[in-house]
Asker: 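Before anything else, here's the structure in question.
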Amino acid sequence: MRIAEAESEDELDLEAERVGGGKATFWLLLVGLGALVVSLSQSLLVPVLAELPQKLHSDTATVQWLLTSTLLVGAVAVPLLGKLGDMWGKKLMLLVAIGAMVLGSLITAISGDITVLIIGRAIQGVSSGAIPLGISLLATLLPKKRRASAMATISAMLGVGGALGLPFAGLIAEHGDFHLLFWITAVGAAVAFAGILVFVPESHDPAGGRIDMLGALLLAGALVALLLPLSEGSAWGWSSARVIWLFAASAVLFAAFGFWEARRRDPLIDLSSLSRRPILLTNIASLFIGFALFASLIGTATYVEMPKETGYGFAASTLTAGLTMLPSGLCMLIFAPVAARLINGIGAGRTLAIGAVIVAVGWVLRITVHADLWQVVVGSTVVGIGTGIGYAAMPALISANTPHHELASANSVNTVVRSLGSSLASALGGSILAAFTITLGPAVLPSLTAYRVLFAICGAAALVAAVLALLVARPTTARDAAA
């Protein structure tokens with residue numbers, strides 16, 4: 001069986017080697033556009049969220065579901081689309097994901113009703129599967145010499161879109177209606193959809209089979225039960241009964257999922273593959289890197305918006321706060337080919353470790369050097385550079401230790417783990433900022449100590465990720481990554 005799989009993958013590699021450079025670049029641009037739009041949509045509402053209750057005649061708790069619904073649906077859709085991509089075709093499921101972005105964006109662009117907007121945002125959540133599917137599709141289509149760079153570029157879009165979305169949304173918030181944000185994502189996703197449909201071929205490695213419906217339901221329930229209290233725990237109270245019950249339900253459902261999947265001949269997620277040392281360590285490291293990136297977003301924009309009387313803030317506008325993240329996002333994209341060269345030269349494991357150490361250095365800078373706004377920008381940019389390098393190395397590690405016919409599923413699981421890290425950062429960061437406060441008149445605001453504690457935790461998390469990356473069983477070169 002293993003010999004047959006190896007021969008099949010060798011045939012796919014030989015077919016990929018016939019792809020011309022211009023064609024490969026065009027495919028990368030189309031898939032990259034789709035990934036960028038999907039990533040952009042996840043952060044677009046953050047700068048305008050505080051204004052929406054008044055504009056939509058709703059309350060803050062209900063408006064928060066514009067973010068929560070996307071998070072929950074995405075967590076469920078990503079592993080399911082990944083499995084379907086391995087079974088029925090990675091391009092097909094990529095089109096489903098980007099098509100969901102088009103549909104969800106159109107719904108949110110034409111409505112002012114909060115319920116309809118939440119439904120539209122939930123549909124947009126399905127598009128979260130586009131990035132792991134895009135990585136997996138290009139990994140099977142492109143020649144070996146192009147794969148590391150392509151995977152690095154698409155993976156970096158997870159951070160690039162988040163960093164670019166903040167200043168972009170801030171600009172729209174100051175000069176236009178927030179519905180314009182959704183028109184832009186609708187058009188961008190539609191262009192990507194049409195381009196991929198017409199010009200990008202389907203992968204040639206569908207495995208076929210049936211979807212494990214019970215496994216899908218158990219995994220969906222477990223993820224929702226875990227992520228819902230993480231996103232709403234600050235509002236509900238971490239000691240509230242529903243938070244405790246949801247965490248308990250999540251543990252039970254994950255245990256039931258593991259029990260069921262271990263006994264399936266065609267599981268939704270191959271747990272034996274995930275338990276292999278390189279994959280397991282990569283996913284755990286991804287959790288910590290995802291934590292560090294999201295904490296950079298919430299720990300920079302809100303930080304510079306604080307009044308100068310706090311002793312650290314700069315009283316920046318929403319637009320200025322977003323612009324402080326722009327260099328970070330651009331550097332993630334710029335350093336993607338640098339990361340690819342590192343992967344080719346020293347292996348993906350060591351590249352991930354280098355990225356994580358750079359992230360830790362960035363957090364040290366954020367703690368120690370922050371008197372001027374440019375110093376804050378430099379610190380967050382260093383974090384972005386390290387995160388971009390780390391994000392580029394992760395799919396290379398996954399691809400090096402996963403057969404082609406399981407690649408979309410494995411990359412999807414890695415994406416869910418990164419998303420979980422971001423959710424943990426949001427929950428823990430919110431709690432820390434609420435625990436260490438100062439009072440300025442009627443306002444109770446986070447203190448400098450609160451941010452320093454958060455940044456120190458992020459630095460420690462990055463160092464843990466570096467150690468885990470170095471513990472990967474064997475160095476992973478570009479040759480391995482393409483296998």
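Values reported hereafter were calculated over all heavy atoms of this structure, with side chains retained and with hydrogens, waters and symmetry mates removed.
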Asker: Regarding Ser203 and Thr140, do their side chains bring together a donor and an acceptor under 3.5 Å, going by distance alone?
Answerer: no

Asker: Going by side chain to side chain contact (heavy atoms under 4.5 Å, CB included), Val413 matches just one of Ile279, Ile269, Asp270. Which one?
Answerer: Ile269

Asker: Looking at NZ of Lys91 and CG of Leu141, how far apart are the two atoms once the value is rounded to the nearest 0.5 Å?
Answerer: 9.5 Å

Asker: Out of curiosity, Leu45 CG to Arg121 CZ, how far, rounded to the nearest 0.5 Å?
Answerer: 4.5 Å

Asker: When you compare the side chain of Ser231 with that of Leu71, does any pair of heavy atoms fall below 4.5 Å?
Answerer: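 In contact.
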
Asker: With under 30° as parallel and over 60° as perpendicular, where do the rings of Phe182 and His179 fit, or are they tilted in between?
Answerer: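 Phe182 vs His179 ring planes: perpendicular.
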
Asker: CZ of Phe254 to CD of Glu261: how many Å apart, nearest 0.5 Å?
Answerer: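 Those atoms lie 12.0 Å apart.
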
Asker: Provide the full list of side-chain hydrogen bond (donor to acceptor under 3.5 Å, both in side chains) pairs with a residue in residues 410-419, sequence neighbours left out, each pair given once.
Answerer: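 For residues 410-419: Ser136-Asn411, Ser155-Arg418, Asn283-Asn414, Ser286-Asn414, Asn414-Arg418.
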
Asker: Please check if the side chain of Ser111 supplies one atom and the backbone of Thr108 the other of a donor-acceptor pair under 3.5 Å.
Answerer: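 No, the answer is negative, given that no donor and acceptor are paired below the 3.5 Å cut-off.
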
Asker: Are the side chains of Phe436 and Pro446 in contact, using a 4.5 Å heavy-atom criterion?
Answerer: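 They are not in contact (no side-chain heavy atoms under 4.5 Å apart), so the answer is no.
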
Asker: Of the non-hydrogen atoms in Ile114 and Ser58, which two are nearest, and what is the gap between them?
Answerer: CG1-OG, 4.1 Å

Asker: Return the minimal non-hydrogen interatomic distance between Val376 and Val304, and the atom names on each side.
Answerer: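 Scanning both residues, the minimum pair turns out to be CG1-CG1, 4.0 Å.
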
Asker: Taking all non-hydrogen atoms of both residues, which atom of Thr324 and which atom of Ser380 are closest, and how far apart?
Answerer: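 Closest pair (atom of Thr324, atom of Ser380, distance): O-OG, 3.7 Å.
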
Asker: Just say parallel, tilted or perpendicular for the rings of Trp238 and Phe247, cut-offs at 30° and 60°.
Answerer: parallel

Asker: Drop me the distance from Ile196's CD1 to Leu92's CG, to the nearest 0.5 angstrom.
Answerer: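 Reported value, rounded in 0.5 Å steps: 12.0 Å.
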
Asker: Using a 4.5 Å cut-off on heavy atoms from C-beta on, say whether the side chain of Leu420 contacts that of Leu230.
Answerer: yes

Asker: If I compare all heavy atoms of Ile367 with all of Ala456, which pair ends up nearest, and what's the gap?
Answerer: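 Minimum heavy-atom separation between Ile367 and Ala456: CD1-N, 3.7 Å.
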
Asker: How close do Leu30 and Ala192 get, counting heavy atoms only, and between which atoms?
Answerer: O-CB, 4.0 Å

Asker: Going by heavy atoms in the side chains, are Ile154 and Tyr391 under 4.5 Å from each other?
Answerer: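 Not in contact.
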
Asker: Going by atom types alone, do Arg366 and Ser296 pair a side-chain donor with an acceptor below 3.5 Å?
Answerer: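 Distance-only check fails for Arg366 and Ser296.
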
Asker: Under a 4.5 Å cut-off applied to non-hydrogen side-chain atoms, are Leu81 and Val126 in contact?
Answerer: yes

Asker: Taking the side chain as C-beta and beyond, is there a heavy-atom pair between Leu117 and Leu52 under 4.5 Å?
Answerer: no

Asker: Looking only at heavy atoms, what is the nearest atom pair of Ala469 and Gly349, with distance?
Answerer: CB-O, 3.4 Å

Asker: Say whether, by atom type as modelled, one donor and one acceptor occur between the side chain of Glu406 and the main chain of Asp86 under 3.5 angstrom.
Answerer: no

